[in-house]
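If you read the sequence from its start, that first residue is 1, and numbering goes on from there. Values in this document were obtained by computation on a predicted structure and should not be read as measured data.
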Amino acid sequence: MKLSELTKVEFWIATSLYGFAILLLVSNSGDRTPSQLEYLAKGANMEYSYVSNYLVPELFRFSILYFSFLLLNFCIIPALFKANSRALSLVILIGLFLGIGLITSVTYTYSKVYMFPDFNSTQDAYNHFFLKVLPILRG
């Protein structure tokens, strides 16, 4: 199998998995049985919306993972093997990981809205959501 054929197969497998994940996500939106997140949010006296607290954050999360895979697999990794564009590829790679972390943290704040009353202030909640994975920054 040629490299170009393998690349096409990788692309279509990743796209099929992404499409299947989105299809499952959207097909579940018509089911109006309360989810665990809805019970947790209502138990914490927080407003809960399936679209804004689950569907949109998960859609962003799936999309950022899919597009990051495509960028990493088809642009950054091949460029790392070329000596003349290695530095730019490393900068893009670091930016990609920081972007993934930021978007994941933002979607986490929307999907974990029920946790906000557990903190003394909104800033404490944001510190938990955004800096949870970086214990060095929390001191």
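Screening residues 60-74 for salt bridge (charged side-chain N to carboxylate O under 4.0 Å, His left out), with sequence neighbours left out, gives Glu58-Arg61.
Interatomic distance, Leu93 CG to Ser68 OG, rounded to the nearest 0.5 Å: 10.5 Å. Going from atom CG of Leu23 over to atom OG of Ser16 covers 12.0 Å, rounded to the nearest 0.5 Å. To the nearest 0.5 Å, atom CG of residue Leu59 and atom OG1 of residue Thr107 are 11.0 Å apart.
Scanning all heavy atoms of the two residues, the minimum distance from Leu80 to Ser89 falls at CD2-CB, 3.6 Å. Taking each heavy atom of Phe74 and Glu10 in turn, the nearest pair found is CE2-OE1, 3.9 Å. Residues Pro57 and Tyr110 approach most closely at CG-CB, 3.6 Å, considering heavy atoms. Between Tyr18 and Ser63, the shortest heavy-atom contact is OH-OG, 2.7 Å.
Between the side chain of Asn53 and the backbone N or O of Ser111, no donor-acceptor pair lies under 3.5 Å. The backbone N or O of Gly101 lies less than 3.5 Å from no partner atom in the side chain of Thr104, so there is not a single donor-acceptor pair.
Hydrophobic clustering (side-chain heavy atoms under 4.5 Å, transitive across Ile, Leu, Val, Met, Phe, Trp, Tyr) groups Ile92 together with Leu90. In the hydrophobic cluster analysis, where Ile, Leu, Val, Met, Phe, Trp and Tyr join through side-chain heavy atoms closer than 4.5 angstrom, Tyr108 is grouped together with Leu55. Under the 4.5 Å side-chain contact rule for hydrophobic residues, Leu17 and Leu65 do not share a cluster. Leu6 and Ile13 fall within the same hydrophobic cluster, defined by Ile, Leu, Val, Met, Phe, Trp and Tyr side-chain heavy atoms under 4.5 Å apart, directly or through other members. Val106 and Phe67 fall within a single hydrophobic cluster, where Ile, Leu, Val, Met, Phe, Trp and Tyr are joined by side-chain heavy atoms under 4.5 Å apart, directly or via other members.
Looking at heavy atoms from C-beta onward, Tyr54 lies in side-chain contact with Leu25 at the 4.5 angstrom threshold. Using a 4.5 Å cut-off on side-chain heavy atoms (C-beta onward), Leu70 and Tyr66 make contact. For the pair Tyr114 and Asp118, the minimum side-chain heavy-atom distance is 4.5 Å or more.
Taking the six-membered ring for Trp and thresholds of 30 and 60 degrees, His128 and Phe119 have ring planes inclined between 30 and 60 degrees apart.
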Checklist entry - Checking side chain to side chain donor-acceptor pair (under 3.5 Å) for the pair Tyr126/Ser121: CA distance, chi angles, key distance, verdict? => result CA-CA 9 Å; Tyr126 287 143; Ser121 68; over 6 Å; no

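Phe116 CZ: more than 12 foreign heavy atoms inside a 6.0 Å radius. Residue Glu5 places its CD atom among more than 12 non-hydrogen atoms of other residues, nucleotides or ligands, all under 6.0 Å distant.
Between Leu98 and the choices Ile94, Leu102, Ile100, Leu96, the side chain to side chain contact (heavy atoms under 4.5 Å, CB included) rule is met once, by Ile94.
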